[in-house]
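Let me begin by presenting the structure, written as structure tokens, before commenting on it.
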Amino acid sequence: TEGISVKDLAEKLDVRGKDLIASLLMKGVFVTVNQSLEGELVKDVARQFGADAQVISVEEQLENEAIEGFLEDTTGMVEIARSPVVTVMGHVDHGKTSLLDAIRSTDVASGEAGGITQHIGAYKVHVTKPDSPAFGREIVFLDTPGHEAFTRMRARGAKITDIVVVVVAADDGVMPQTLEAIDHARAAKVPIIVAVNKIDKPDANPAKVIQQLAARGLQPSNQGGDTEFVEVSAKKRIGLDLLEEMICLVADISAPKAVLDRPAVGTVIEAKLDRGRGAVASILVQNGTLRLGDSYIVGNTFGKIRAMFDDRGRSITEAGPSTPVEILGLESMPDAGDTFLVMADRDKAKGIAQYRKMKEREAQLAKSSRVSLEGLAEQI
Ligand code: GTP
Ligand code: MG
């Protein structure tokens, strides 16, 4: 932490420098007006002068700027339509990943049909059915981020998804995580589309699923409600076109937009340690354009884009809004849900990353000392 001079602090607290010096003297601290004060001492005297004004460090100030950068008001900037981002959620084994794989394999426009090895948890799919009203459009799909990551994103006001597709297996019906997914979507104020999956199964009962969900307030649109239900089979590839069409239809209601020409802003979808490649992160660029050479801050780490890849593992040089990318060369691992922000000033990015790391360490220390104190109390 860099300090603050006595003079500046006095100004901030709206007191005379003389009074501040006197008060420090009482604490046994001898200073002159131009001397610099740090951390606890600053908080201490500030408190003494009745300032509930938070004393924030340089890094904290940078951090605030970073958050403001992330949430930057884009009114007045030129916005373009961007592809909708869809998160697929639902109960375990109800077929989320199968559904995504099936949809992805219909996208012959992206090439390499069948040869999909990359798993970055996020894909951009082109609607390729020629007679579909959504033909030629793109949809970004996210395989369920852990509920925790989703909650974290939401808590920060970072809205990552435009639509939630809740997958319900027609043979299994509504289950606890189905309801959880619905709660998440509702809390995030994101429209829900229900994909009733596995309709190829002999014991499938889609009508029952619809009934169960209607009882939870998800009224089907064909019964006067506002929720779209689509019956699908990931296995037999039934209803996939219709699902894509519905997604585009629902997306058109909110008509998501983004600014092309601004420093990129995004969210970490997942991060992993890759044997040959080190820390690798999948990021969804949400706003602006990410380019090779950009410096960035992400979570409590920072770096520079030396290489990036699209969802098919192809090397790319720039990525616009609603584009999932994989980036390499991170100094350490960010977490899913962390915000990603391009910062022209690399030192600033580094400063914020270090500050966040320090905060994290402090929090961990506080936690572990609390735990050991509790342990002690139990022994007594
Ligand atoms: P988690 O990620 O573990 O929560 O599961 P998931 O929801 O991604 O389910 P996944 O796609 O892994 O599918 C679970 C099982 O259901 C697999 O054995 C799939 O083959 C099967 N399955 C998925 N979709 C269908 C379908 O449409 N019909 C049939 N018969 N089986 C399906
Ligand atoms: Mg899965």
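Counting starts at 1 for both ligands and their atoms, following the listed order. All figures in this text were calculated on a predicted structure; none of them were measured in a lab.
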- Task: Identify, by atom number and element, the atoms of ligand 1 in contact range of Lys201, meaning under 4.0 Å from any of its heavy atoms.
- Result: 30 (N)
- Go through the steps to decide whether Glu138 and Ser322 satisfy the test side-chain contact (heavy atoms from CB on, under 4.5 Å), and finish with yes or no. CA-CA 9 Å; Glu138 293 177 340; Ser322 289; over 6 Å; no
- Query: Going by the atom numbers of ligand 1, which of them fall below 4.0 Å from some non-hydrogen atom of Val92?
  - Reply: 3 (O), 4 (O)
- Item | Non-hydrogen protein atom less than 4.0 angstrom from atom 27 (O) of ligand 1 | yes
- Task: Could you tell me whether the Mg ion (ligand 2) has an N, O or S atom of Ser98 under 2.8 Å away?
- Result: no
- Message: Suppose I only count heavy atoms of Asp200 and a 4.0 Å limit; which atoms of ligand 1 are within that range?
- Response: 26 (C), 27 (O), 28 (N), 29 (C), 30 (N)
- Message: Can you confirm whether more than 12 heavy atoms, excluding those of Asn222, are under 6.0 Å from its CG atom?
- Response: yes
- Query: Quick check: does Lys198 get an N/O under 3.5 Å from an N/O on ligand 1?
  - Reply: yes
- Ligand-residue contact atoms, ligand 1 with Asn197, heavy atoms, under 4.0 Å: 24 (N), 25 (C), 27 (O)
- Item | Nearest protein heavy atom with distance in Å, relative to atom 4 (O) of ligand 1 | Lys96 NZ, 2.8 Å
- Message: Taking CG in Asp203 as the centre, count heavy atoms belonging to other residues, nucleotides or ligands within less than 6.0 Å. Is the count above 12?
- Response: yes
- SB check Arg16 Asp19 (cutoff 4.0 Å): yes
- Count the heavy atoms belonging to other residues, nucleotides or ligands that lie under 6.0 Å from CG of Asp226, then report whether that count exceeds 12. no
- Are Arg104 and Asp143 close enough for a salt bridge, meaning some N to O gap below 4.0 Å? no
- Message: Any salt bridge linking Arg356 with Asp338? Criterion: basic side-chain nitrogen under 4.0 Å from a carboxylate oxygen.
- Response: no
- Is it true that Lys129 and Asp131 have a side-chain N and a carboxylate O under 4.0 angstrom from each other? yes
- Tell me yes or no: between the side chains of His94 and Asn197, is some donor less than 3.5 Å from an acceptor? no
- Message: Strictly less than 4.0 Å: does any protein heavy-atom distance to atom 23 (C) of ligand 1 fall in that range?
- Response: yes
- Heavy-atom proximity to atom 1 (P) of ligand 1 ranks first, among Leu99, Ile238, Asp93, Val196, for Asp93
- Heavy atoms of other groups near Lys304 NZ, more than 12 under 6.0 Å: no
- Query: Out of Leu100, Asp172, Thr97, Val167, whose heavy atom sits nearest atom 2 (O) of ligand 1?
  - Reply: Thr97
- Message: Starting from atom 9 (O) of ligand 1, what is the nearest protein heavy atom, named by residue and atom, and what distance separates them?
- Response: Gly95 N, 3.1 Å
- Message: Suppose I only count heavy atoms of Ser233 and a 4.0 Å limit; which atoms of ligand 1 are within that range?
- Response: 27 (O)
- Message: Pairs of nitrogen or oxygen atoms closer than 3.5 Å, one from Val232 and one from ligand 1: do any exist?
- Response: no
- Counting heavy atoms only, name the option from Pro202, Gly90, Ser98 that's nearest to atom 13 (O) of ligand 1. Ser98
